[in-house]
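Some notes on the structure that comes next.
Proteins come first, then strands; the chains are lettered A, B, ... in the order of their sequence lines, and each starts at number 1. No hydrogens, no waters, no symmetry mates; every other heavy atom, side chains included, goes into these values.
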Amino acid sequence: MKKLESLTELGRFSEPALLILVSLADGPKHGHAMLLDIEALTGQRLGPGTLYGAITRLEERAWIQPLPAEDRRRPYKLTRDGHRVLRLRLETLRNVTRVGQARLADA
Amino acid sequence: MMRRLASAALRLYPKAWRERYWDEFVVMLQGREVRAADVFDIVRVALRAQGGNMAFRRLLGVGLALAVGIAAGYLGRPYVPTSRHVLASDMVRIESAGDDLVRLTVQGEVIEGRDISFFMSDGGFFVALHDREAALDQMLSGHK
């Protein structure tokens, strides 16, 4: 069985990949919808090259899966592995956030 | 303009990538305002995607050498003042010179061009002419 890898293996490319996984967590989306969703979520404009660079890496790892094109727009959905990887990463971030906030409160 | 540049930049991606993603990428760009930062982003990611391609690296090397050569040739042309630092105490006069041309006189030195920008700077401001070619023509015709 294929070993489930972590998002951190993507190094500095892990943040756009994480944002895409979060964007797809509530259902399939095509590229433009992902950009709008990520912009609403973070307040930052993700570049189209960065978006598709991350989509390429996520698809290579089978964490997302392309669906049949609709009107030349191709939606993507999270795979089961993608769900697991996202859950794992969010858990780590939750721990970091909790510890960081506790330390800030003590300071 | 930016949309056209973005589409052109897509050609920098490896063939296999273009065959897989070209259509949906172009459709995505059509639904969005394309900015200069987007073009830069596309080029940056395309170059990274081409990282291991030796033929592309060689082509890029030749392109860069040409660009440097052209830039060096351009910079080697006679100096034309297109910008000027202005002190708060300097005498400055700004007037229209007709045909959208703006004439700026700073302590007797005349700078002309279209689309002049001002930037705050230590002890005054900085004036920059965007229309370098117009300034060059102006200078050359004035010295004939």
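- The distance from the CD atom of B:Glu24 to the CD atom of A:Glu70 is 12.0 Å, given to the nearest 0.5 Å.
- Under a cut-off of 6.0 angstrom, the local environment of CG in A:Asp71 is sparse, with at most 12 non-hydrogen atoms contributed by other residues, nucleotides or ligands.
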TODO: Show the numbers, then the answer: is there a side chain to side chain donor-acceptor pair (under 3.5 Å) between A:Thr50 and B:Arg44?
DONE: CA-CA 9 Å; A:Thr50 301; B:Arg44 188 176 55 82; 3.0 Å; yes

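- Residues A:Arg74 and B:Arg20 have side chains in contact (heavy-atom distance under 4.5 Å, counting atoms from C-beta outward).
- The cluster map of Ile, Leu, Val, Met, Phe, Trp and Tyr, joined by side-chain heavy atoms under 4.5 Å apart, puts B:Met2 and B:Val27 in different clusters.
- Remark: A:Thr56 OG1 to B:Tyr21 OH distance equals 4.0 Å, nearest 0.5 Å.
- Hydrophobic clustering, with ILVMFWY side chains joined whenever heavy atoms are under 4.5 angstrom apart, keeps B:Phe40 apart from A:Leu51.
- Only the side chain of A:Glu59 comes within less than 4.5 Å of a heavy atom of chain B; its backbone N, CA, C and O stay farther away.
- Rounding to the nearest 0.5 angstrom, the gap separating the CD1 atom in A:Ile55 from the CZ atom in B:Phe25 is 9.0 Å.
- Using a 4.5 Å cut-off between heavy atoms, A:Leu36 does not touch chain B at all.
- Note that CZ of A:Arg45 is 10.0 Å distant from CG of B:Asp41, once rounded to the nearest 0.5 Å.
- With a threshold of 4.5 angstrom between heavy atoms, B:Leu10 does not approach chain A through any atom at all.
- Listed for the B:Asp38 side chain is no donor-acceptor partner under 3.5 Å among the backbone atoms of A:Gly47.
- Counting only distance, with no hydrogens or angles, the side chain of A:His32 and the backbone of B:Met28 share no donor-acceptor pair below 3.5 Å.
- Tracing side-chain contacts under 4.5 Å through hydrophobic residues (I, L, V, M, F, W, Y), one never reaches A:Leu67 starting from A:Ile64; they form parts of separate clusters.
- Contacts between B:Tyr13 and chain A at a heavy-atom distance below 4.5 Å involve the side chain alone, from C-beta outward.
- B:Val45 is not listed as a side-chain neighbour of A:Tyr52, based on a closest heavy-atom distance of 4.5 Å or more.
- Environment of CZ in A:Arg87: sparse, with no more than 12 heavy atoms of neighbouring residues, nucleotides or ligands closer than 6.0 Å.
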